[in-house]
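As a basis for the values below, the full set of heavy atoms in this structure was taken, side chains included, without hydrogen atoms, waters or symmetry mates.
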Amino acid sequence: MMVEYTKRRFNETGIILILTSIAMVFFACFYYKERIIFTDTAVYAFTVADRGSFYIATNRFICILSQLLPIAGALLGVPLSTILILYSVNFILLPLTACYVVYKPLKSPSTALAILLFYTFSSMWVFYYPVSEFQMGLCLLLVYHAYILWYFRQPVQKKPAFCIISFTVLVTVTFSHPLSLYVFLAWLLWLYITCPKCRSRLLLFSLAVVIISHFIKDSFFKTYVGDIIYDESRKEGLKNFSAALPSYFSSNLAKESMKVFVHEYFTVLIISLLLFFYFIVNRKWIPAFLFPALLLGFWLLVTVSFPEYKYDHYTEHLYQPLPFFVALVFSRYVHKLFPKNLLRGLVLTIIFIISFSKINSNHKFYTLRLQWFQNYIGFMHEKKVRNGVISPHYLAFGKNYDYWASTPESYLLSSLPGPDSTVNLIVDDNVTRSNNAFSSEPERRTKYFHISNEPFQMLDLLADPKTLDSLTDVFSRSSAIR
């Protein structure tokens with residue numbers, strides 16, 4: 001049942017994979033600033049550039065893989081802009097390296113296709129939030145999927161090697177995000193049903209590794225770190241499942257996410273429907289039930305847990321199991337849905353073009369943030385202010401957007417010309433609170449940054465409102481936005 005494409009039949013798709021990989025690298029280089037100016041990503045990027053060493057803020061040590069290039073750049077003393085480009089590209093090299101390993105050594109072109117589809121299907125927001133360890137973990141799970149298929153095709157199966165590889169990979173996957181355990185269990189169920197050759201007691205070893213590592217993770221962190229805020233809020237959110245069923249689909253997040261999938265990610269919906277009808281027509285009753293059940297289950301898990309959230313980078317990051325399973329299943333059956341080589345190549349080309357178009361369309365939001373930052377950083381240089389506070393009133397869009405501006409973002413952007421230009425710009429309506437928070441920050445200078453301990457000044461008081469409004473009104477400066 002799990003027959004891979006032959007080299008000849010997959011020729012057209014192989015070309016598409018190469019072109020898609022090139023496009024991903026180009027986007028990562030061209031939008032490197034947009035991908036860096038995000039609180040989570042900026043914290044990692046700033047710390048790596050500042051210290052020249054790995055930075056792991058949580059137990060999700062898979063993030064080490066995304067820091068190899070920028071750390072090498074920092075140790076070599078390359079310019080800060082180069083470090084940030086390397087950081088952005090490093091995130092893309094993860095799926096591209098995985099794609100190569102899966103395509104060549106593991107000889108699973110369909111899984112290689114799944115990896116790239118997974119990274120482009122539903123990525124309007126996640127592309128600009130590349131630090132998502134959840135996405136990294138699911139990418140590694142796809143590599144493990146290809147390894148499983150390869151392993152059970154071997155005439156001689158080396159069980160010790162299987163156990164070592166399974167332990168290393170699955171512990172990393174499990175530690176990548178709290179939801180990873182549920183995705184693994186769902187993937188294992190799907191594999192068991194669709195691949196009779198893979199039904200082995202060795203898969204029980206994989207299941208045991210995940211469950212034990214999950215238990216150890218929870219025990220370790222509760223003992224030595226304490227309860228993680230996210231985990232506690234997630235448990236609170238699960239209580240929402242006790243509400244009436246209709247409320248699951250009437251919340252703010254439910255409405256926003258359905259609108260996004262209809263208007264933006266319609267290719268995912270169309271592909272999901274094609275797969276469902278394929279299973280029905282071919283009387284594959286278990287996959288016909290299980291596939292939509294998995295998609296609905298993971299959608300509900302996020303939507304019901306966070307009903308009042310808006311659809312943005314964070315919720316799209318949590319919805320990653322949906323494109324994961326759609327990409328995995330579609331790549332497995334695409335040659336049956338579209339048996340003609342030319343037609344299959346055309347369909348895949350259209351899918352990737354639409355996906356990249358959607359990713360590109362969302363750069364405007366982040367480019368506006370860049371323009372806003374540059375305007376106010378320039379204003380601080382003009383006023384010779386090292387540490388500045390601007391009230392939420394002067395945020396672009398007229399709303400207090402989450403993660404609009406933070407210290408690591410302003411450090412990175414302002415320091416691109418050199419450490420003498422480093423400033424700290426934060427959004428707050430209370431300068432005293434900011435001074436108290438940064439009162440213990442030492443004065444220091446490094447190759448890339450000059451961290452000042454000068455008192456914060458309220459930028460609102462350094463110019464009249466019209467001047468600040470002109471800095472905020474980035475819409476009227478569209479000519480300055482590429």
Taking every heavy atom of Tyr448 against every heavy atom of Gly73, the minimum-distance pair comes out as OH-O, 4.1 Å
Notebook entry, point to check: Does a sphere of radius 6.0 Å around CZ in Phe152 hold more than 12 heavy atoms from other residues, nucleotides or ligands, not counting ones at 6.0 Å or beyond?
Noted result: yes
For Glu316 and Tyr311, which I'm curious about, is there any donor-acceptor pair between the side chains at under 3.5 Å? yes
Next on the checklist: Can you see whether Tyr265 engages Ser355 through a side-chain donor-acceptor pair at a distance of less than 3.5 angstrom?
Outcome noted: no
**Study point:** Expected output: side-chain Glu34 to main-chain His363 donor-acceptor under 3.5 Å
**Key:** no
Would you tabulate the side-chain donor-acceptor contacts of residues 87-102 under 3.5 Å, counting partners in other chains and residues two or more places apart, or write 'none'?
unit_1 : atom_1 : unit_2 : atom_2 : d
Ser88  : OG     : Ala28  : O      : 2.7
Ser88  : OG     : Arg35  : NE     : 2.7
Asn90  : OD1    : Leu68  : N      : 3.2
Asn90  : OD1    : Leu69  : N      : 2.9
Asn90  : ND2    : Leu65  : O      : 3.1
Thr97  : OG1    : Leu93  : O      : 2.7

dist Tyr248:OH -> Trp299:CH2 (nearest 0.5 Å) comes out at 11.5 Å
* Examine distances only and state if a side-chain atom of Ser123 and a backbone atom of Val126 form a donor-acceptor pair shorter than 3.5 Å. => no
dist Phe338:CZ -> Arg344:CZ (nearest 0.5 Å) comes out at 10.0 Å
- Message: For a quick check under 3.5 Å, do Asn360 and Tyr31 share a side-chain donor-acceptor pair by atom type?
- Response: yes
If we ignore angles and hydrogens, is there a donor and acceptor under 3.5 Å between the side chains of Asn362 and Tyr128? no
The complete set of side-chain hydrogen bond (donor to acceptor under 3.5 Å, both in side chains) pairs with one or both residues in residues 158-171, sequence neighbours excluded, reads Tyr144-Ser166
